[in-house]
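Here's the structure we're looking at; comments come further down.
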Amino acid sequence: MDLTIIVPTYNEGPNVVELLRRIGAVLDGRDFEVLFVDDSTDDTPAIVRAAAAASPFPVRLLHRDRPVNGLGGAVLEGFRMARAPWCLVMDGDLQHPPEAIPSLLERADAGDVDIVVASRYAAGGTSTGLADATRTTVSLASTLLTKSMFPRKLAGCSDPMTGFFLVDRGALDLDALHPRGFKILLEILARRQLRIGEVPFSFAQRHAGASKASFRQGLRFLTQLTALRFGRMSAFALVGGFGAVVNLAIMWGLMRLGVEYVVAAVIASEVTIIGNFLLLEYLVFADMRAESGLMRHRFAKSFLFNNAEAMIRIPVLWLLVEATHISAVLAAALTLIAAFIVRFVFHALVVYAPRRSTRAAAAAAARRRVRLGAER
Ligand code: GDD
Ligand code: MN
C-alpha cells in the first residue's frame, strides 16, 4: 500500500459518500486506503461503515468514544494507525478538493521533500472558500504572525494553517507531537526542520453541514503558538521593554541639562532605536544574521520602520481617542501592543529574512546530505 488518506470527521455524515466517490475517481488504479478518525456525536459512523462496505478500495473507521485533543489528536491517531508510509491529511467536508491529490503525490515523487503542503497562499492557490472577510483576515494575520515566530522552519511554507498535506510518516517523531486543537500541521512543522514542498490549491466551499471552527479554537491556537515558541518573541519583548526604560532615562537626563522636551524626546528615541537594533542583532536574531545579508541593510530597514512606526502611531492614537472616547492611556496601550506585534512580524519576516541565494544554497546542501545518507 503506498498511501493512507486520513480524514478527521466531526458530524460530517452528509459529506462522506461524495468524498469517497471523488477520491475513488482521482486515485483509480492506485493502492491506497482511507482512514476516518471520527469523533462524531451523530450517525456519521454508521454512514462511514455503510460506505466502507460498498467501497471498491479499503475504507477504515476509528471512532473515538472519548476523543482527546480534538482535530489534531484525531490526525495523530490516524498517523499511528496508517498502513502506508505516506499519509495524506484532508478535511471531510470537501473544502480540500480530492482532485488536488495527484499534484501532491507528484511533488512528493520528486523525492527531495518530507512533506508536501497544499497551500491556499502559494501562487495559483485561492482561499475564496473561507466563510467571510473576517475569517480571511484572521487567517492571513495569524499566518503572518505564525511565520514570524518560526521564520526558519516555516521559510518554505506559505500556508502553515492548512489542514491539507501529504507527509512521510517516517520523518515525524509522533511522540514529540502535542496537538492542541486545530493546527496539527503547525505542530509538525514547528517541532522539526522538515524539507517542505508546496503545491497550490483552491480552498472550496463546504459541501454540506457547518464548520466547527470557533472563537474557542482561535484562543486555543494562540495558546498553541505561545507554547510552541515563546522564546524569540519574549526576548523581543524584553528588548522592547528595556528600550522604553532607556528612552525615558535619556529624555529625563537631557531635560535636566536644559534641552527642550521635544528635542530631548527625538534624541532619546533615535538613540533607543539604534540600541535596540544592536540588541536584536546580538540577542534575539543572532542565529539568523549569517543568512540575512548585510548588517547595514538590516539596520536601514529597522531604522526606517521604527521611525515610520512612531510617526504613524501618534496620529492613530489621536484618531482612536477622538473617535471612540476611550481613555488616552488605554488607547496608547492598544497602539503600543499593536505596534509591538507589527514590529515583531516586520523584523522576523523582513529584516532578518534569509536571502534567496542563501536559502537556495541551504536547500541544496540539505539535498546533498540526504543523498549521502547523512543527517535525517
Ligand atoms: N475527529 C475530529 N475531531 N474531527 C474534527 C474535529 C474534532 O474534534 N473538529 C473538526 N473536525 C473535522 C471536521 O469534521 C472537518 O472534516 C475538519 O476537521 C475541518 O473542520 P471544519 O469544521 O471544516 O473547520 P474549518 O473549515 O474551519 O477548518 C479547516 O480549514 C482551516 C483553514 O482555514 C481545517 O482544515 C483546518 O485544519 C484548516 O486549518
Ligand atoms: Mn471546513
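Counting convention: from 1, in listed order, for ligands and their atoms alike. Values below: every heavy atom of this structure, side chains too, minus hydrogens, waters and symmetry copies.
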Testing the basics here: between [X] and [Y], what is the closest heavy-atom pair and its distance to 0.1 Å?
X    : Y    : value
S302 : H347 : OG-NE2, 2.8 Å
S292 : V351 : CB-O, 4.2 Å
T41  : N11  : N-OD1, 2.8 Å
L61  : P45  : CD2-O, 3.8 Å

Pairwise side-chain contact, [X] with [Y], heavy-atom cut-off 4.5 Å (strictly under):
X    : Y    : answer
K153 : R191 : no
L88  : V116 : no
F57  : L27  : no

Scan side-chain atoms only and decide if E198 and Y121 contain a donor-acceptor pair under the 3.5 Å cut-off. no
Between S119 and S158, a side-chain donor and acceptor under 3.5 Å: yes
Need the ligand 1 atom indices (1-based, order shown) with element for anything under 4.0 Å from a heavy-atom of [X].
X    : answer
G92  : 15 (C), 16 (O)
M161 : 32 (C), 38 (C), 39 (O)
Q95  : 23 (O), 26 (O)
G70  : 3 (N), 7 (C), 8 (O)
H96  : 35 (O)
R206 : 21 (P), 22 (O), 23 (O)
T9   : 1 (N), 2 (C), 4 (N), 14 (O)

If you measure from each non-hydrogen atom of [X] to ligand 1, which part falls under 4.0 Å: side chain, backbone, both or neither?
X    : value
R120 : side chain
I184 : neither
A74  : side chain

Quick test: of every protein heavy atom, which one is nearest to [atom], and how far off is it to 0.1 Å?
atom                    : answer
atom 18 (O) of ligand 1 : L71 CD1, 3.3 Å
atom 31 (C) of ligand 1 : K183 NZ, 3.7 Å
atom 11 (N) of ligand 1 : Y10 CB, 3.8 Å
atom 22 (O) of ligand 1 : K212 N, 2.5 Å
atom 28 (O) of ligand 1 : F182 CE2, 3.9 Å
atom 35 (O) of ligand 1 : D91 OD2, 2.3 Å
atom 27 (O) of ligand 1 : R135 NH1, 2.7 Å
atom 13 (C) of ligand 1 : E12 OE2, 3.2 Å

If you measure from each heavy atom of [X] to ligand 1, is any distance below 4.0 Å?
X    : result
F203 : yes
M90  : no
R64  : no

Only N/O/S atoms count here: what is the atom of D93 closest to the Mn ion (ligand 2) called? OD2
Is the distance between the ring centroids of F303 and F277 under 6.0 Å? no
Answer yes if the ring centres of F340 and F236 are under 6.0 angstrom apart, and no otherwise. yes
Between the main-chain N or O of [Y] and the side-chain N or O of [X], is there a donor-acceptor pair closer than 3.5 Å?
X    : Y    : result
R169 : C87  : no
H207 : L94  : no
D38  : L62  : no
R107 : V199 : no

Are any of the N/O atoms on D38, whether in the backbone or the side chain, positioned under 3.5 angstrom from an N/O atom of ligand 1? no
Counting only nitrogen or oxygen atoms and a 3.5 angstrom limit, does T162 reach ligand 1? no
Quick check: does S211 have an N/O/S atom under 2.8 Å of the Mn ion (ligand 2)? no
